Amino acid sequence: MDFVKQAETGRLVSPKTRERLFYDEDSSKLITQDKTESYSVLNGKVPVMVIDPEWAGEYADSSRQMVNEYMPENCLKIFLRKCVESLREKDFRSVASIEAFNSIFEGDDDDRLFLSVGGGPQRPHPALVNLNIGPFPNVDIIADAHQLPYGDESVDAIYCEAVLEHLQEPKNAIAEMWRVLKPEGRVYAITPFLQAYHGYPYHFQNYTLTGHTYAFESLGFDIVASGPCVGPMNAVVGVISTFMKEYLPKIIGVPLRFIWEMVGLMVLKPFDKLLLKRPNAYVLASTTYLLARKKPVVETDKPLEKA
């Protein structure tokens, strides 16, 4: 769903005042009805809806590393990445986590809005609308996860992968997800547990499975499913690889790390198929996942405030 349709259906609002936004073709901007607020549209395609442009600029500049890792510009890096991807399966996620991800897209209503908070440069599902604070490839809305530019109960489902660890106030972002989701709407989140520091530009926290689920439960969500996503062997391979990168001399570390990652990719990581079936797989998981449901508010309930 493009931003014009999102505006036409009343979903897009000002992140400052939550006043509904309308698309003005003459100025190519999103504006409030009283025209006191306006938001530009980058290249006529991507609305820029950040309140703090200085922070957004800092994030965008620092996150070029992330873009290069996922979508490298160097021809050699592209070739090597394709070689690596040809050797591996689609991913190493648990079967349960894949089923939970697919479940948020069930149904045949074409008018639904699926929001990827922190999405891009990849798009794991074609129906996802990628929202990120930086103007990266495949980003559809430039905005802050702490201040989503969507009206109350206007989003059908949310996908959030490898984002919460980079947020200074993750509970505020989760509260925003709760606000914009429709009753019974679902959020699917994947967050690192045992991964090394990776700042884009910052890395504030990782989550145990318990901490991950509590963060959503404490803000009003029901947990439908949860567990390890990427397993223990991936965690071990990743930590050792990072050790080689950070602490060994390059002349030794670069070739040794390449060999180690190839061994990990082809020999070690596939063992997670077995390890993820164990009930204690979460103890040493690389990432955990959860599928949470927004409970309908009853008359006795009070709206949850941001932490």
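What's counted below: heavy atoms across the whole structure, side chains too, no hydrogens, waters or symmetry copies. Please read all numbers here as calculations on a predicted model, not as lab measurements.
- For the atom pair CG (Leu290) and CD (Glu217), the distance works out to 9.0 Å, reported to the nearest 0.5 Å.
- In this structure, Arg112 contributes its side chain and Ala157 its backbone to no donor-acceptor pair below 3.5 Å.
- The side-chain contact (heavy atoms from CB on, under 4.5 Å) with Pro149 is formed by just one residue from the set Ile141, Asp144, Val50; it is Ile141.
- Seen from the ring of Phe216, Arg293 does not count as a face-on cation partner, given the 6.0 Å and 45° thresholds.
- When every heavy atom of Tyr188 is checked against every heavy atom of Ala100, the shortest pair comes out as CE1-CB, 3.7 Å.
- Between Ser154 and Leu113, the shortest heavy-atom contact is O-CD2, 4.1 Å.
- One side chain, Tyr39 or Ser14, offers a donor N or O that lies under 3.5 Å from an acceptor on the other.
- Counting only residues at least two apart or in different chains, ring-ring contact (aromatic ring centres under 6.0 Å, His included) contacts with residues 14-33 comprise Phe3-Tyr23.
- The shortest heavy-atom contact between Pro228 and Ser94 is O-OG, 3.0 Å.
- When only modelled atom types and interatomic distance are considered, Gln6 and Tyr150 share a side-chain donor-acceptor pair under 3.5 Å.
- For the pair Thr288 and Ile190, the minimum side-chain heavy-atom distance is 4.5 Å or more.
- Looking at Arg20, its side chain does come within 3.5 Å of a backbone N or O of Ala7 through a donor-acceptor pair.
- Counting only heavy atoms from C-beta outward, the side chains of Ser116 and Asn130 approach each other to under 4.5 Å.
- Salt-bridge check for Asp140 with Arg123: passed, with a basic side-chain N closer than 4.0 Å to an acidic carboxylate O.
- With salt bridges taken as basic N to acidic carboxylate O contacts below 4.0 Å, none links Lys35 and Asp24.
- A donor-acceptor pair shorter than 3.5 Å cannot be found between the side chains of Thr191 and Glu165.
- Using a 4.5 Å heavy-atom cutoff, the side chains of Leu131 and Leu148 are in contact.
- Atom CG of residue Leu248 and atom CZ of residue Arg257 lie 10.5 Å apart, to the nearest 0.5 angstrom.
- With a 4.5 Å cut-off on side-chain heavy atoms, Gln122 and Asn138 do not count as touching.
- Separating the CG atom in Leu291 from the OG1 atom in Thr213 is a distance of 13.0 Å, to the nearest 0.5 Å.
- Counted by atom type alone, Thr287 and Gln195 present zero donor-acceptor pairs between their side chains at under 3.5 Å.
- Other residues, nucleotides and ligands contribute over 12 non-hydrogen atoms within 6.0 Å of the CZ atom of Phe114.
- Judged purely by distance below 3.5 Å, without hydrogens or angles, the side chains of Ser241 and Glu261 pair a donor atom with an acceptor atom.
- Distance check, rounded to the nearest 0.5 Å: CD1 of Ile223 to NE2 of His212 gives 8.5 Å.
- Side-chain atoms of Val139 and Pro121, non-hydrogen and from C-beta on, never get closer than 4.5 Å to each other.
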Would you check, one step at a time, whether the test side-chain contact (heavy atoms from CB on, under 4.5 Å) holds for Val224 with Arg186? CA-CA 9 Å; Val224 178; Arg186 295 188 174 193; 4.1 Å; yes

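- A salt bridge links Glu176 with Arg179: at least one charged nitrogen is closer than 4.0 Å to a carboxylate oxygen.
- One distance of note links CE of Met233 with CG of Leu274; it measures 9.5 Å at 0.5 Å rounding.
- Using the six-membered ring where Trp is involved, Tyr197 and His203 have ring planes that are parallel, under 30° apart on the 30 and 60° scheme.
- Annotation for Leu276 and Gly231: closest pair CD2-CA, 3.6 Å, computed over non-hydrogen atoms.
- Between His125 and Phe101, the closest side-chain pair of non-hydrogen atoms falls below 4.5 Å.
- For NZ of Lys182, the number of neighbouring non-hydrogen atoms (other residues, nucleotides, ligands) closer than 6.0 Å is greater than 12.
- Taking the side chain as every heavy atom from C-beta outward, Asn234 and Val236 never approach each other to under 4.5 Å.
- Heavy-atom neighbours of Asn43 CG from other residues, nucleotides or ligands within 6.0 Å: at or below the threshold of 12.
- Taking a 4.5 Å side-chain heavy-atom cut-off between Ile, Leu, Val, Met, Phe, Trp and Tyr, the cluster of Tyr214 contains only that residue.
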Between Lys294 and Met177, is a side-chain contact (heavy atoms from CB on, under 4.5 Å) present by the stated rule, with each step listed? CA-CA 9 Å; Lys294 178 179 178 177; Met177 295 181 200; over 6 Å; no

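- With hydrogens and angles left out, the side-chain atoms of Gln205 and Tyr207 include no donor and acceptor closer than 3.5 Å.
- Between Val41 and Lys29, every side-chain heavy-atom pair lies at or beyond the 4.5 Å cut-off.
- A donor-acceptor pair shorter than 3.5 Å cannot be found between the side chains of Glu37 and Thr32.
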Derivation and outcome, salt bridge (charged side-chain N to carboxylate O under 4.0 Å, His left out), residues Asp111 and Lys5: CA-CA 9 Å; Asp111 202 36; Lys5 187 173 182 180; 3.5 Å; yes

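- When hydrophobic residues (I, L, V, M, F, W, Y) are linked wherever their side-chain heavy atoms come within less than 4.5 Å, the members clustered with Leu209 are Tyr282, Val283.
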